[in-house]
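Note that this is a predicted model, so its numbers are computed, not measured. Values below: every heavy atom of this structure, side chains too, minus hydrogens, waters and symmetry copies.
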Amino acid sequence: MILTSFWSNPLVETAGYFSVVILCLIVSMVIFEIVTKYKNWEEIKSGNIAVALATGGKIFGVCNIFRYSIEKHNSFLEMVGWGLFGFTLLIIAYWLFEFLTPRFNVDKEIEKDNRSVGFISLILSVGLSFVIGASIS
């Protein structure tokens, strides 16, 4: 009984969700590092604004998807499962962005610090995270 009340304490629940989402965010950033042809953190360290914009959009997008997942699910497993599904959709959207822009290579343009492409990448990640999040059931 005491153990049950401990786990249902709002502070403990918040810390649990926070910890799980941080872990999922780290995993998603590693996967994005693999998916993109440039090294995100090296480019950001060297001052590449386009990469910072694109990466910031991905971070916001992943966190926003998990926000919806936390709001709509009661168990950690459901929350993580739907959050990871939403993240997978975000990766597919990134590939579609690359596919639907045949006149230029998105990864190469972002690596060259084309801030317009980086900004559009940010907007796509953020905007689609709201659509994905709203559709999580």
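Grouping Ile, Leu, Val, Met, Phe, Trp and Tyr by side-chain contacts under 4.5 Å, direct or through others, puts I22 with F18, I26. Clustering of Ile, Leu, Val, Met, Phe, Trp and Tyr by side-chain heavy atoms under 4.5 Å joins V30 with I34.
Sorted pairs that involve residues 100-122 and meet ring-ring contact (aromatic ring centres under 6.0 Å, His included), not counting sequence neighbours, are lacking altogether. Among residue pairs with one or both ends in residues 114-135, those qualifying as salt bridge (charged side-chain N to carboxylate O under 4.0 Å, His left out) are D113-R115; sequence neighbours excluded. Sorted by first then second residue, the salt bridge (charged side-chain N to carboxylate O under 4.0 Å, His left out) pairs that include residues 118-127, not counting sequence neighbours, number zero. Each ring-ring contact (aromatic ring centres under 6.0 Å, His included) pair with one or both residues in residues 22-56, not counting sequence neighbours, appears once here: F32-F87. Residue pairs satisfying the salt bridge (charged side-chain N to carboxylate O under 4.0 Å, His left out) criterion with at least one member in residues 40-68, sequence neighbours excluded, are listed as follows: R67-E71. Within the structure, salt bridge (charged side-chain N to carboxylate O under 4.0 Å, His left out) pairs that include any residue of residues 13-36 do not occur (at least two apart or interchain). Residue pairs satisfying the side-chain hydrogen bond (donor to acceptor under 3.5 Å, both in side chains) criterion with at least one member in residues 14-30, sequence neighbours excluded, are absent.
With a 4.5 Å cut-off on side-chain heavy atoms, E98 and N105 count as touching. Considering only heavy atoms from C-beta on, W82 stays 4.5 Å or farther from K72 through its side chain. I70 places a side-chain heavy atom less than 4.5 Å from the side chain of V21.
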*Residue pair W95, V35: steps toward the side chain to side chain contact (heavy atoms under 4.5 Å, CB included) verdict*: CA-CA 9 Å; W95 284 332; V35 169; 3.4 Å; yes
For M29 and N40: C-alpha separation, side-chain torsions, deciding distance, then whether side chain to side chain contact (heavy atoms under 4.5 Å, CB included) applies.
CA-CA 9 Å; M29 289 295 97; N40 292 294; over 6 Å; no
- Could you go step by step and tell me if Y94 and T36 meet the side chain to side chain contact (heavy atoms under 4.5 Å, CB included) rule? CA-CA 9 Å; Y94 188 78; T36 55; 3.8 Å; yes
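In terms of heavy-atom proximity, L84 sits nearest to C24 at CD2-SG, 4.5 Å. Contact between L25 and C63 at its shortest, heavy atoms only, is CD2-SG, 4.0 Å. Heavy atoms only, all atoms of each residue included: L122 and L53 are closest at CD1-O, 3.2 Å.
Connection of V27 to V62 is established within a shared hydrophobic cluster, with ILVMFWY side chains joined at heavy-atom distances below 4.5 Å, either directly or through further cluster members. Taken together through direct or relayed side-chain contacts under 4.5 Å among Ile, Leu, Val, Met, Phe, Trp and Tyr, I136 and F85 form part of one hydrophobic cluster. V131 and L96 fall into different hydrophobic clusters, where Ile, Leu, Val, Met, Phe, Trp and Tyr residues are linked whenever their side-chain heavy atoms come under 4.5 Å apart, directly or through other members. L90 and L23 fall into different hydrophobic clusters, where Ile, Leu, Val, Met, Phe, Trp and Tyr are joined by side-chain heavy atoms under 4.5 Å apart, directly or via other members.
S135 places a side-chain N or O within 3.5 Å of a backbone atom of I132 that can act as its donor or acceptor partner. At distances below 3.5 Å, at least one donor-acceptor pair connects side-chain atoms of S125 with backbone N or O atoms of S121.
In terms of the salt bridge (charged side-chain N to carboxylate O under 4.0 Å, His left out) criterion, residue partners of K112 (sequence neighbours excluded) are, by chain and number, E109. With sequence neighbours left out, the side chain to side chain donor-acceptor pair (under 3.5 Å) criterion links S129 to N64. Applying the ring pair (Phe, Tyr, Trp, His ring centres under 6.0 Å) criterion to Y68, with sequence neighbours excluded, gives no partner residue.
From L89, atom CG reaches atom CD1 of I65 across 7.0 Å, with rounding to the nearest 0.5 Å.
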